[in-house]
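Below, all heavy atoms of this structure are taken into account, side chains as well, without hydrogens, waters or symmetry copies. We number each residue from 1, following the sequence as shown.
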Amino acid sequence: MKRVMLTVAYDGTNYHGWQLQDGQVTIESELNSALSRITGEDIKVSGASRTDAGVHAKGNLCVFDSEARMPGEKFSYALNTCLNEDIRVVDSVEVADDFHPRFTKTEKTYCYRIYNSKFANPLYRLYSHHSYIPLNIDLMNKGAEFLIGEHDFKSFSSVHASVKTTVRQITGAEIKRSGELIEINIKGYGFLYNMVRIISGSLMEVGSGKYPPERIGEILAARDRAAAGPTAPAKGLTLENIRIL
């Protein structure tokens, strides 16, 4: 028996998120099905990040156990011959039997993309949120500074989240613009349910002038979801990578 770790990229448009759900097509269900066909075993992958429906990824991680003789590095090639084109395994490697990326300290990087123009661009429609309201990224960056460090992010978590603690540590938050495309880049050691999307929705309120930058600090202090801005649409969010520390 060996344990293999996969690095998986996917376009989340046509999937109901990462995690298995009865009667729904998910990234996890597609990987399980493909691996089971390749190995002849009943394979169940276990992921590092359970992205929501419509969210994309360039580098999510998962592990599975198998008795197949295939070397760990060959699984990526085999899987990519039978997965849909909107899912690709970009790396596979054998790891220690007790290794799991969800229970190992990692730094995750998310990017929320906004197409900021009077009219939407059809070529960006699946991978960014369109906002016709002009956004000031200097104000957004001032607001983002309040997020850096260890804080209680209860205000930036879905009310449906069930966790032991809402304290998380953000290691980086920066907003960049290239033409009409704005990117909100956020790094941290862990995230709450919908946290990046709520942060992005709140920073857009800052960029539009509805909130002053200092409001982000006030939202944190409130520890109340009602104090924060709207949850930004899923399609603008991409899990860029997960760095094992």
Side-chain angles (χ1 to χ4, degrees), residues 1-113 122-128 181 183 185-187 191 196 233-245:
M1 184 73 72
K2 62 173 170 286
R3 177 161 291 189
V4 177
M5 182 175 72
L6 306 177
T7 303
V8 189
Y10 48 87
D11 175 344
T13 304
N14 296 320
Y15 298 92
H16 290 266
W18 171 275
Q19 193 172 8
L20 285 176
Q21 299 179 52
D22 290 340
Q24 303 289 0
V25 180
T26 67
I27 304 299
E28 193 172 1
S29 69
E30 292 295 287
L31 289 171
N32 289 347
S33 177
L35 282 165
S36 297
R37 292 199 304 273
I38 289 169
T39 64
E41 303 168 279
D42 183 18
I43 299 290
K44 297 284 191 298
V45 302
S46 182
S49 183
R50 299 171 179 174
T51 52
D52 296 336
V55 174
H56 317 291
K58 292 182 180 178
N60 204 348
L61 301 178
C62 66
V63 292
F64 66 92
D65 296 324
S66 173
E67 294 182 352
R69 296 178 62 185
M70 183 183 298
E73 66 272 15
K74 296 297 184 182
F75 274 95
S76 55
Y77 296 95
L79 283 165
N80 288 333
T81 65
C82 55
L83 286 166
N84 292 328
E85 289 184 338
D86 49 8
I87 305 175
R88 280 294 173 266
V89 177
V90 298
D91 191 32
S92 60
V93 62
E94 188 170 345
V95 293
D97 293 345
D98 60 350
F99 174 81
H100 196 299
R102 192 182 303 161
F103 308 118
T104 301
K105 188 171 184 179
T106 59
E107 183 183 58
K108 297 178 181 178
T109 301
Y110 284 92
C111 180
Y112 195 88
R113 293 179 170 87
L123 300 182
Y124 288 90
R125 74 190 188 283
L126 299 180
Y127 312 108
S128 66
L181 190 66
E183 294 185 345
N185 297 287
I186 299 178
K187 296 181 180 182
F191 293 88
V196 178
K235 66 179 182 177
L237 184 61
T238 299
L239 172 58
E240 295 288 310
N241 65 70
I242 300 176
R243 185 168 68 93
I244 298 171
L245 302 175

Practice task
Please confirm whether the backbone N or O of Asn84 pairs with a side-chain atom of Glu30, one donor and one acceptor, at under 3.5 Å?
Solution key: no

Fill in the blank from the handout: Taken to the nearest 0.5 Å, the spacing of Asn185 CG from Arg113 CZ works out to 7.5 Å

Exercise for the section: Answer yes or no: is there a side-chain heavy-atom contact under 4.5 Å between Lys187 and Glu240? Expected result: no

Handout entry: Among Trp18, Tyr10, Tyr15, the one residue meeting side chain to side chain donor-acceptor pair (under 3.5 Å) with Thr51
Key = Tyr10

Completion exercise
So CD1 of Ile87 and SG of Cys82: to nearest 0.5 Å the spacing works out to 10.5 Å

Handout entry: Sidechain-backbone polar pair: His56 side chain, Leu126 backbone, donor-acceptor under 3.5 Å
Key = yes

Practice task
Answer yes or no: does atom OH of Tyr77 have more than 12 heavy-atom neighbours from other residues, nucleotides or ligands under 6.0 Å?
Solution key: no

Exercise for the section: Please answer whether the main-chain N or O of Thr13 pairs with a side-chain N or O of Lys235 as donor and acceptor at a distance below 3.5 Å. Expected result: no

Handout entry: Main-chain N/O of Phe99 paired to Arg3 side chain as donor or acceptor, under 3.5 Å
Key = yes

Problem - Side-chain heavy atoms of Phe75 within contact of Leu35, under 4.5 Å - result: yes

Practice task
With the side chain counted from C-beta on, respond yes when Glu28 and Val45 share a heavy-atom pair under 4.5 Å apart, and no when they do not.
Solution key: yes

Handout entry: Leu245 CG to Thr104 OG1 distance, which is reported to the nearest 0.5 Å
Key = 9.5 Å

Handout entry: Lys2 bridged to Glu41 by N-O distance under 4.0 Å
Key = no

Exercise for the section: Show your reasoning for whether side-chain contact (heavy atoms from CB on, under 4.5 Å) applies to Leu6 and Phe64. Expected result: CA-CA 8 Å; Leu6 306 177; Phe64 66 92; 3.8 Å; yes

Handout entry: Test item: Ser29 side-chain N/O and Val25 main-chain N/O as donor-acceptor pair under 3.5 Å
Key = no

Completion exercise
d(Ile43 CD1, Asp65 CG) to nearest 0.5 Å is 7.5 Å

Problem - Tyr127 side chain near Thr238 side chain, heavy-atom distance below 4.5 Å - result: no

Practice task
Taking all non-hydrogen atoms of both residues into account, name the closest pair between Arg102 and Gly47 and its distance.
Solution key: NH2-O, 2.6 Å

Exercise for the section: Quick one: do Leu83 and Leu31 satisfy side-chain contact (heavy atoms from CB on, under 4.5 Å)? Show the steps, please. Expected result: CA-CA 8 Å; Leu83 286 166; Leu31 289 171; 4.1 Å; yes

Exercise for the section: Using a 4.5 Å cut-off on heavy atoms from C-beta on, say whether the side chain of Asp97 contacts that of Met1. Expected result: no

Handout entry: Closest heavy-atom pair and its distance - Thr39, Ser66
Key = CG2-OG, 3.8 Å

Problem - Separation of Ile38 CD1 from Ser33 OG (nearest 0.5 Å) - result: 9.5 Å

Handout entry: Ile242 and Pro101, any side-chain heavy atoms less than 4.5 Å apart
Key = no

Exercise for the section: Give the minimum heavy-atom separation between Ala34 and Leu79, together with the two atoms involved. Expected result: CB-CD2, 3.7 Å

Handout entry: Beyond-backbone contact of Asn60 with Ile27, side-chain heavy atoms, under 4.5 angstrom
Key = no

Handout entry: Rounded distance (nearest 0.5 Å) linking atom OG of Ser46 with atom CZ of Phe103
Key = 6.5 Å

Exercise for the section: Applying side-chain contact (heavy atoms from CB on, under 4.5 Å), run through Met5 and Leu61 and close with a yes or a no. Expected result: CA-CA 7 Å; Met5 182 175 72; Leu61 301 178; 4.2 Å; yes

Handout entry: Lys108 side chain reached by Val196 side chain, heavy atoms, under 4.5 Å
Key = no

Exercise for the section: Would you confirm whether the ring centroid of Phe191 sits within less than 6.0 angstrom of the ring centroid of Tyr110? Expected result: yes

Handout entry: Donor-acceptor contact present, side-chain Asn80 to main-chain Arg88, <3.5 Å
Key = no

